[in-house]
Amino acid sequence: MPRRNKSIKYTQPITPTCSPKRQFANEKLANDAAEYQMLIKNELELRTYKCNLCNKWHLTRSKKQLD
């Protein structure tokens with residue numbers, strides 16, 4: 001007998017959250033953390049961005065701008 005795939009219905013909309021990410025109060029602290037991490041791992045390339053959800057700064061490996 002074939003399986004029936006039931007679509008998942010959410011009762012609440014899924015909203016993105018940044019709680020598992022490291023949060024920095026300002027750009028300088030985020031840049032300092034990025035530089036430190038890149039010194040430890042030479043192949044790592046990080047940049048900082050300001051989050052629209054929490055208005056704090058995060059690190060990313062992504063090369064595109066998230067403005």
Side-chain angles (χ1 to χ4, degrees):
M1 179 172 208
R3 284 187 183 174
R4 294 184 183 175
N5 293 330
K6 295 182 180 180
S7 63
I8 299 172
K9 295 182 181 179
Y10 296 101
T11 56
Q12 295 179 344
I14 298 174
T15 56
T17 179
C18 56
S19 61
K21 297 179 184 177
R22 289 183 64 193
Q23 299 174 355
F24 300 93
N26 58 48
E27 187 175 12
K28 183 186 180 334
L29 291 174
N31 284 330
D32 290 347
E35 285 181 25
Y36 179 75
Q37 291 298 318
M38 290 187 290
L39 283 173
I40 293 173
K41 260 190 171 175
N42 290 333
E43 67 275 2
L44 188 63
E45 289 184 33
L46 295 173
R47 67 174 193 80
T48 60
Y49 69 96
K50 187 162 187 176
C51 180
N52 294 334
L53 298 173
C54 68
N55 287 326
K56 295 195 178 180
W57 292 84
H58 301 294
L59 306 179
T60 184
R61 291 184 218 148
S62 175
K63 294 182 195 285
K64 71 175 188 172
Q65 290 288 10
L66 298 174
D67 297 327

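As a basis for the values below, the full set of heavy atoms in this structure was taken, side chains included, without hydrogen atoms, waters or symmetry mates.
- Atoms CD and OG1, from Glu35 and Thr48 in turn, are 10.0 Å apart once rounded to the nearest 0.5 Å.
- The two residues Ala30 and Leu59 come nearest to each other via the heavy atoms O-CD2, 3.3 Å.
- The line from CD of Gln37 to CG of Leu44 is 7.0 Å long, rounded to the nearest 0.5 Å.
- With hydrogens and angles ignored, the 3.5 Å screen pairs a side-chain donor or acceptor of His58 with a backbone N or O of Arg22.
- A distance of 14.0 Å separates NZ of Lys41 from CG of Leu39, quoted to the nearest 0.5 Å.
- A 4.5 Å side-chain heavy-atom check between Asp32 and Phe24 finds every atom pair outside the cut-off.
- The NZ atom of Lys21 sits 6.0 Å away from the SG atom of Cys51 when rounded to the nearest 0.5 Å.
- Glu45 CD: 12 or fewer foreign heavy atoms inside a 6.0 Å radius.
- Linking ILVMFWY residues whenever their side-chain heavy atoms come closer than 4.5 Å, directly or via other members, places Trp57 and Leu46 in the same cluster.
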